[in-house]
Amino acid sequence: MIKQSIAALIFLFLAVGSTAQEKRLSKEEAVRMALENNFGIKVAGNQVKIADNNQGLLNSGYLPTLTGTAGANYNDLNSTTAYPDQFNTDGSPRADLEIDHAESQSFNGGLNLNYTLFDGLGRLYNYKRLKEQYQLTELQARETIENTLLQLFSIYFEVARLTENENVFKQALEISMDRITRAEYAFEYGQNTKLDILNAQVDVTNDSINLLNTKQMLSNTKRDLNVVVNQNLDANFQVDTIVRFVPRLQLDELIGQAKENNVTILQTERNLAINEYDIKVNRSGYLPTIGLTGSYGWNLNQSAPNSFLPGQIIPGSNRTSLTLGLGASLTWNLFDGGRTTTLVKNSKIAYENQELQQEQVEIEVDRDILNALASYENLLTIYQIQEQNVITNENNFERSKEQFQLGRITSIEFRQAQINLLNAQTNKNLAKYDAKLAELQLLQLTGQLLNVEF
């Protein structure tokens, strides 16, 4: 009964692995999907668009401002003019003069033009500063892309490692299942004891659990990769397990160009340029500002009737006027309480701090490159050793298998040879992808992560 249930479980594992048709997700395709769909990269792209808008002519301060104004007023007047002690020519008392609903309106409209002809060169340096800010934002977006690709490959390689481990555990499971069959036949013919069957069943159980856990970890890791490339979480796929390393001569050449291409160093250079323009912008406060103004106005007044002359109503009138004005102004803040001087001093100190930070970053990048290169060489050597170790353990396992079938070694000794081979294979898989990831981290420090084939 135990054998039948285990066999059913194993059959289910192998059937799922052999019948599932999964699409192949290559490294290049994964990179393309991440660049197009990753949320962090999309946000970084939008930040670049904002910086591009900020560096444009419409935000430079070089264009004039034009404002329009308009207004309207309405009045409704009811008035009574009394003439006490006044008489008409016939001797009768003069009647009161009444005006009802005397309406008056006024309308006006105007355009005002203002243009700063000279502002102490402040807007010029601010415009150049925005250009540098745009380049800095591009570098920040590039850094986001590089970090995202490192995250992508760390997960991609983990999927590849677990995929290879899954195949290793499947093979181990098949070998253990074959041991049960052989042990049962041998027991039926009296060539061994029940203990050999029980040992084989224990090994099958352990291999089944290992395979089950690996499958679960593989499914979880695939979902992690789906999040990075922003696709359906249930999407299933196979990955490329072939790893190619950059030739050492090419790697040395890239390392020699690291200071010209490292994204962190390039960002410090842009920040240094921005701080330099900050000094010049603040110095513009010492110089005068010259401005030009222009205006055009239109007015329409419609007056109401009135009783200006005794006993007579003067009808309303319309009056239209057009005005055109031009002007120039000069403003020179001769003393602002020391504010400009303080701003200039502080911006110079900020520039000095940025220079110090640039020197620190260059030293840290040199250190990181040396550490990353040493780590990469060490992991690559370990991978080469593990490759040879797998070959040694495969030879040992094949000879142990022959000896076991001839009855010259016990099942425990055979199992130990199998475990040694399994550990060697999984360690080789781990070393391979660790070495490749270390290489990618080194390429990022050289500034060439986006310029090499994966």
field: Single hit among V361, N262, L139 for side-chain contact (heavy atoms from CB on, under 4.5 Å) with T268
entry: V361
task: Find out whether K280 and R129 are in side-chain contact, i.e. whether some heavy atom of one side chain is under 4.5 Å from a heavy atom of the other.
output: no
- request: Look only at the side chain of N38 and the backbone of V228, and say whether a donor-acceptor pair between them is shorter than 3.5 Å.
  value: yes
message: Set out, in order, the CA-CA distance, both residues' side-chain angles and the distance that settles side chain to side chain contact (heavy atoms under 4.5 Å, CB included) for E143 and N147, then state yes or no.
response: CA-CA 6 Å; E143 184 179 26; N147 291 334; 3.7 Å; yes
query: So, the side chain of T116 versus the backbone of D119: is there a donor-acceptor pair under 3.5 Å, distance only?
result: no
query: Going by heavy atoms in the side chains, are Q425 and Q386 under 4.5 Å from each other?
result: no
message: Ring of F237, cation from K222 - is the NZ or CZ under 6.0 Å from the centre and inside 45° of the axis?
response: yes
message: Main chain of D278, side chain of N282: is a donor-acceptor contact present, judged purely on distance under 3.5 Å?
response: yes
field: Least distance between heavy atoms, L322 atom then W298 atom
entry: CD2-CD1, 3.2 Å
message: Check this for me, if you would: do E276 and K128 make a salt bridge, where the nitrogen-to-carboxylate-oxygen distance has to be below 4.0 angstrom?
response: no
message: Show, in sequence, the C-alpha distance, side-chain angles and deciding distance for F169 and L422, and conclude whether the side chain to side chain contact (heavy atoms under 4.5 Å, CB included) test is met.
response: CA-CA 8 Å; F169 288 126; L422 187 148; 3.5 Å; yes
message: As a quick check of understanding, evaluate side chain to side chain donor-acceptor pair (under 3.5 Å) for N429 and N165, giving each step before the final call.
response: CA-CA 8 Å; N429 295 337; N165 284 355; 2.9 Å; yes
message: Under a 4.0 Å threshold between the charged nitrogen and the carboxylate oxygen, would E146 count as salt-bridged to R142?
response: yes
task: Would you confirm whether D336, through its side chain, and T340, through its main-chain N or O, come within 3.5 Å as a donor-acceptor pair?
output: yes
field: R123 to Y115, cation-pi by 6.0 Å centre distance and 45° axis angle
entry: yes
field: For G447 against N451, the heavy-atom pair lying closest together
entry: O-ND2, 4.0 Å
- prompt: So, N427 side chain and N423 main chain: donor-acceptor pair closer than 3.5 Å or not?
  reply: yes
- request: Run the numbers on Q357 and N271 for side chain to side chain donor-acceptor pair (under 3.5 Å), then give the verdict.
  value: CA-CA 10 Å; Q357 185 175 358; N271 280 321; over 6 Å; no
query: Under 3.5 Å, is there a donor-acceptor pair between the side chain of Y134 and the main chain of N53?
result: no
query: Would you say K42 has more than 12 foreign heavy atoms packed within less than 6.0 Å of its NZ?
result: yes
message: If you compare all heavy atoms of F107 against all heavy atoms of A72, which two are closest, and at what distance to 0.1 Å?
response: CD2-CB, 3.7 Å
message: When you compare the side chain of Y286 with that of V344, does any pair of heavy atoms fall below 4.5 Å?
response: yes
query: Would E164 and K432 satisfy salt bridge (Lys or Arg N to Asp or Glu O under 4.0 Å), going step by step from the backbone distance to the final call?
result: CA-CA 11 Å; E164 292 193 306; K432 176 172 68 173; 3.2 Å; yes
query: Would a 4.5 Å heavy-atom cut-off, applied to side chains only, mark S219 and R223 as touching?
result: yes
task: Quick one: pull up CG in L287 and OG1 in T331 and give me the separation to the nearest 0.5 Å.
output: 13.0 Å
field: Nearest-0.5 Å distance, CD1 of residue I41 to CG of residue L152
entry: 8.5 Å
message: Please find the pair of heavy atoms, one from V243 and one from Y433, that lie closest to each other, and give the distance.
response: CG2-CE2, 3.6 Å
- prompt: Which heavy atom in S106 sits nearest to a heavy atom in N301, and how many Å separate them?
  reply: CB-OD1, 3.1 Å
query: Given side chains that start at C-beta, do those of V246 and E439 come closer than 4.5 Å, heavy atoms only?
result: yes
message: Ignoring hydrogens, what is the shortest heavy-atom contact between S284 and G120? Give both atom names and the distance.
response: CB-O, 2.9 Å
- prompt: Under 4.5 Å between any side-chain heavy atoms of Q55 and Q133, yes or no?
  reply: no
Heavy-atom check, side chain of L25 versus side chain of L225, under 4.5 Å: yes
message: For the aromatic rings, using the six-membered ring if either is Trp, is the centroid distance between F397 and F414 under 6.0 Å?
response: yes
query: Given L150 and L440, is the side chain to side chain contact (heavy atoms under 4.5 Å, CB included) satisfied, shown in steps?
result: CA-CA 7 Å; L150 279 182; L440 294 181; 3.8 Å; yes
task: Decide salt bridge (Lys or Arg N to Asp or Glu O under 4.0 Å) for R248 and E253; before the verdict, give the C-alpha distance in whole Å, the side-chain angles of both, and the deciding distance to 0.1 Å.
output: CA-CA 9 Å; R248 182 54 191 264; E253 182 180 355; over 6 Å; no
N/O donor-acceptor pair under 3.5 Å between E28 side chain and F454 backbone: no
R32 with E29: basic N within carboxylate O range, under 4.0 Å: yes
message: Set out, in order, the CA-CA distance, both residues' side-chain angles and the distance that settles salt bridge (Lys or Arg N to Asp or Glu O under 4.0 Å) for D207 and K170, then state yes or no.
response: CA-CA 8 Å; D207 292 340; K170 282 182 179 179; over 6 Å; no
- request: List the steps, then state whether salt bridge (Lys or Arg N to Asp or Glu O under 4.0 Å) holds for R161 with E158.
  value: CA-CA 5 Å; R161 184 185 74 86; E158 182 65 8; 2.8 Å; yes
Rounded distance (nearest 0.5 Å) linking atom CG of L35 with atom OG1 of T148: 8.5 Å
- prompt: Is there a donor-acceptor contact under 3.5 Å from the side chain of K436 to the main chain of R244?
  reply: yes
task: Determine whether N275 and E352 make a side-chain contact, defined as any pair of heavy atoms from C-beta on separated by less than 4.5 Å.
output: no
task: State plainly whether the residues E387 and K428 are in salt-bridge range, i.e. N to O under 4.0 Å.
output: no
